[in-house]
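Predicted, not measured: the structure shown is a model, and the values here were computed from it.
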Amino acid sequence: CVGSRVPERAYCSRDCCRQTVESALRIKGFDPRIEVVVAYRDMNMRGKLELEYLDARSKGVVFVPFGEESYPRVERLEANGRTRVVIEVDDQAAGSGLRFPTDFLVLATAHLPMQGLKRLASLFKVGVDEDGFLAEAHPKLRPVESYAQGVFLAGGGLYPASPEVLRMTALAAAGKALGFLAKDELALQDVRVEVARGRCTGCLACLSVCPVGAISARGGVAVVEATLCRGCGTCVAECPARAMTITRYTNDEIMAKIERLVAPGAG
């Protein structure tokens, strides 16, 4: 883990371990006498990938675990006109340090959000998550869908994963897009935000928090574009004047439910 699973980038890149083990197996297949050492935090080898990990161990690949607080140290060693890389690893399993020279040092680097992704997301009114990747509307209920209607997400900009998983996101997004385009008419969802113009003070706090850009200012008050609004309620929670309500989930309805729940004998 080089550049990921650190305080400033806590996520796992998900495919580094697979690439590392497969590279080690290819090296051993080229010449079994070559010594291959893998220093790792954790091995993320899910499902059948576990068999590749066991295969690598059986062919002599050495796996050395290190702790979160003791990353390997690297230095260059010049000897007899030859430059080698010396690595020191605190073997967490053995409880001792290892020092060995190598001819090649290969880093399993983090999968980063591509440059310009945030700007692209803002153009299409699509959110990004805390790691800088495109945010799905709901990873379980609405995968590869964004908050913006008709905009679907796929590939490495969605999250770090193996090529096989990213290909599945592309197929899923294409299927969702075809289903969207196959409709003769698109009905507005019945859950959306409405503005009480008499209450709106024009502070426009709602405008800055709307994830899909459905709110604009007209005549000094907030206006919600019904075709864009997804009814998430973010603006309702932000509005200090309580000028915004969600259809079918008004404040009066919610308070009535709460009062019924806490009423004597309820439940």
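Counting all heavy atoms, side chain and backbone alike, V209 lies closest to C235 at CG2-CA, 4.1 Å. Between V61 and A24, the closest heavy-atom pair is CG2-CB, 4.0 Å. Nearest heavy atoms, L153 versus A135: CD1-O, 3.4 Å. Across all their heavy atoms, S162 and D15 have their closest contact at CB-OD1, 3.2 Å. Of all heavy-atom pairs spanning A137 and Y147, the tightest one is O-OH, 4.0 Å.
T83 contributes no side-chain N or O that, together with a main-chain N or O of E78, makes up a donor-acceptor pair within less than 3.5 Å. Between the S13 side chain and the H111 main chain, a donor and an acceptor come within less than 3.5 Å of each other. Looking at N80, its side chain never comes within 3.5 Å of a backbone N or O of R82 through a donor-acceptor pair. Under a 3.5 Å cut-off, the side chain of R199 and the backbone N or O of R242 do form a donor-acceptor pair. Put simply, the side chain of T109 never gets that close to the backbone of V2: no donor and acceptor are under 3.5 Å apart. The main-chain N or O of F66 is never found under 3.5 Å from a side-chain atom of S70 such that the two would form a donor-acceptor pair. No donor-acceptor distance shorter than 3.5 angstrom exists from the side chain of S146 to the backbone of E136, with no hydrogens or angles considered.
The pair K28-E35 does not meet the salt-bridge criterion, since no charged nitrogen lies less than 4.0 angstrom from a carboxylate oxygen. Residues D131 and R9 are not paired through a salt bridge, judged by the lack of any N-O separation under 4.0 Å between the basic side chain and the carboxylate. Salt bridge status for K257 with D252: absent, with no side-chain N to carboxylate O gap under 4.0 Å.
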> Where do E145 and R230 land on the salt bridge (charged side-chain N to carboxylate O under 4.0 Å, His left out) test, with the steps shown first?
Replying inline: CA-CA 12 Å; E145 291 187 35; R230 308 304 293 160; 5.6 Å; no
> Going through the distances and angles, do Y159 and R14 end up as a side-chain hydrogen bond (donor to acceptor under 3.5 Å, both in side chains)?
Replying inline: CA-CA 9 Å; Y159 41 65; R14 301 181 185 176; 5.6 Å; no
> How far apart are the C-alpha atoms of T245 and E194, what are their side-chain angles, what is the distance that settles it, and do they pass the side-chain hydrogen bond (donor to acceptor under 3.5 Å, both in side chains) test?
Replying inline: CA-CA 6 Å; T245 56; E194 295 179 342; 4.9 Å; no
>> Let's go through V64 and V38 carefully: what are the C-alpha distance in whole Å and the side-chain angles of both, what is the deciding distance for side chain to side chain contact (heavy atoms under 4.5 Å, CB included) to 0.1 Å, and is it a yes or a no?
In response: CA-CA 6 Å; V64 180; V38 177; over 6 Å; no
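Y40 and L105 end up in different hydrophobic clusters when Ile, Leu, Val, Met, Phe, Trp and Tyr side chains are linked at under 4.5 Å. A single hydrophobic cluster is not seen to contain both V151 and F180; linkage of ILVMFWY side chains at heavy-atom distances under 4.5 Å, directly or through other members, places them apart. Under the 4.5 Å side-chain contact rule for hydrophobic residues, V36 and F30 share a cluster. Residue V106 is not grouped with residue V21 when hydrophobic side chains (ILVMFWY) are merged at heavy-atom distances under 4.5 angstrom, including chains of intermediate members.
Counting heavy atoms of neighbouring residues, nucleotides and ligands inside a 6.0 Å radius, atom CD of E164 exceeds 12 of them. In M45, the CE atom is crowded: over 12 heavy atoms of neighbouring residues, nucleotides or ligands sit closer than 6.0 Å. Counting non-hydrogen atoms of neighbouring residues, nucleotides and ligands closer than 6.0 angstrom, the CD atom of Q115 reaches no more than 12 such neighbours. In E185, the CD atom is not crowded: 12 or fewer heavy atoms of neighbouring residues, nucleotides or ligands sit closer than 6.0 Å. Remark: R142 CZ is packed, more than 12 non-hydrogen atoms of other residues, nucleotides or ligands lying under 6.0 Å away. No more than 12 heavy atoms of other residues, nucleotides or ligands sit less than 6.0 Å from atom CZ of F124.
Using a 4.5 Å heavy-atom cutoff, the side chains of Y71 and V6 are in contact. Under the 4.5 Å side-chain criterion, counting only non-hydrogen atoms from C-beta, V85 is not in contact with L77.
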